[in-house]
Amino acid sequence: MTKLNLKSKIFDSPGYSRDVKLSPDELSVFREAITEQWLAVIGESRPDLVPQFRDIGIENYHQLAQQLEHEKIWPKQNRCLPKASCNRIKALPFLQTLKDEFGDFAISDVFYGDTHEVGREEIYWRLVRPNAKNDVGTIHADKWFHDVMGMDDQAFPPGSVTVKIWIPIFSQPGRNGLMIVPNSHLKEWRYHGVPGAGGMKPVIDEDVTTIGAELMLTEPGNMLIFNEGTLHGGAVNLGDQTRVSVEITMVFPRQPS
Ligand SMILES: O=C(O)CCC(=O)C(=O)O
Ligand SMILES: [Fe+2]
């Protein structure tokens, strides 16, 4: 048995783990890489504002966001870290911890809308501003996305199994973060696909107030690792900072035994 017993938590019960934490140095690598891309994207439309955004920091993004076309400038492709940053992240110790637990895996390719960047690994981040309902999506299982976007034929080899890594980079425990429905990967849930800004997206056809979603208490760096069938979704941010988080999809040729 591996040290953290992650395989059994993710594939058996409860369908997720919160056992793995980034060290302060690892968290700094993420913060620096994200901040660099965040400022570069802001600089593409408003180079004059870059010094102000740099001064307040990404966790205070919402304080100045009204000066930008927020809805336009953050499509997923502007939030996928460049290759050099991905390579720095891939050398961090937490990935070795995951390999020790799960065995070898690949990181999924960059995929958004109808674009599949073959061979470019996807490590992307998101911004969730305080009290912004549109900054969080509805409860879903990631395998629903793979299904409605047709990714299982295109992005993943037949029979492969994915596991998600969600990492809070700036978060306020109890006030923002990710909701998870424990053991939801063991049941079937109804949903349908609708067209969204970044391609097709799934919408749940269940009463989300009664399915048992729990807000996970996560300090920055305390990652959540979950089954592709586990129901989850962003909580509306009730904090006073912008929540910044990262997503990485591990791809296994088949379920690790
Ligand atoms: O961070 C969020 O609000 C949603 C994250 C999510 O759906 C995921 O990590 O798969
Ligand atoms: Fe998700």
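Just the heavy atoms: all of them, side chains too, but no hydrogens, waters or symmetry mates, feed the values below. It should be emphasised that the depicted structure is a prediction, and the values quoted were computed from it without experimental measurement. Atoms within each ligand, like the ligands themselves, are counted from 1 in listed order.
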Query raised in the report: Roughly how far apart are Arg79 CZ and Arg126 CZ, rounded to 0.5 Å?
Result: 6.0 Å

Query raised in the report: Do any of the N, O or S atoms of Glu247 sit under 2.8 Å from the Fe ion (ligand 2)?
Result: no

Query raised in the report: Heavy-atom contacts under 4.0 Å between Glu228 and ligand 1: side chain, backbone, both, or neither?
Result: neither

Query - Within 45° cone of Phe145 ring axis and under 6.0 Å: Lys201 NZ or CZ - result: no

Report summary line: For the Fe ion (ligand 2), the nearest N/O/S atom on His140 is atom NE2

Report task. Name the closest protein heavy atom to atom 10 (O) of ligand 1, giving the residue it belongs to and the distance to 0.1 Å. Result -> Lys164 NZ, 2.6 Å

**Report entry** Donor on one side chain, acceptor on other, Gln172 and Asp240, under 3.5 Å
**Finding:** yes

Report summary line: Ranked by distance from atom 5 (C) of ligand 1, the top protein heavy atom is Glu247 OE2, 3.4 Å

Query raised in the report: Looking only at heavy atoms of Val128, does any of them come nearer than 4.0 Å to an atom of ligand 1?
Result: no

Report task. State the atoms of ligand 1, each with its element, that fall below the 4.0 Å cut-off from a heavy-atom position in Asp142. Result -> 10 (O)

Query raised in the report: Should you measure from each heavy atom of His140, which atoms of ligand 1 turn up under 4.0 Å away?
Result: 7 (O)

Query raised in the report: Atom CD1 of Ile10 and atom CD of Gln255: how far apart are they, to the nearest 0.5 Å?
Result: 10.5 Å

Query raised in the report: Strictly under 6.0 Å, is that where the ring centroids of Trp38 and Phe53 end up?
Result: yes

Report task. Can you tell me which residue pairs pass the ring pair (Phe, Tyr, Trp, His ring centres under 6.0 Å) test with a partner in residues 193-246, sequence neighbours excluded? Result -> His140-His232, Phe226-His232

Query raised in the report: Against heavy atoms of His232, which atoms of ligand 1 measure under 4.0 Å?
Result: 6 (C), 7 (O), 8 (C), 10 (O)

Report task. Would you please classify the geometry between the Trp74 ring and the Tyr61 ring as parallel, tilted or perpendicular, with 30° and 60° separating the classes? Result -> perpendicular

Query - Interfacing atoms of ligand 1 (cut-off 4.0 Å, heavy-atom, Leu178) - result: 2 (C), 4 (C), 5 (C)

**Report entry** Apex the Fe ion (ligand 2) - arms NE2 from His232 and OD1 from Asp142 - angle rounded to 10°
**Finding:** 90°

Query raised in the report: Which of the atoms in ligand 1, numbered in the order shown and given with their element, are less than 4.0 Å from a heavy-atom of Arg243?
Result: 1 (O), 2 (C), 3 (O)

Query - Candidate list Asn176, Asp135, Asn134, test side-chain hydrogen bond (donor to acceptor under 3.5 Å, both in side chains), partner Arg129, passing option - result: Asp135

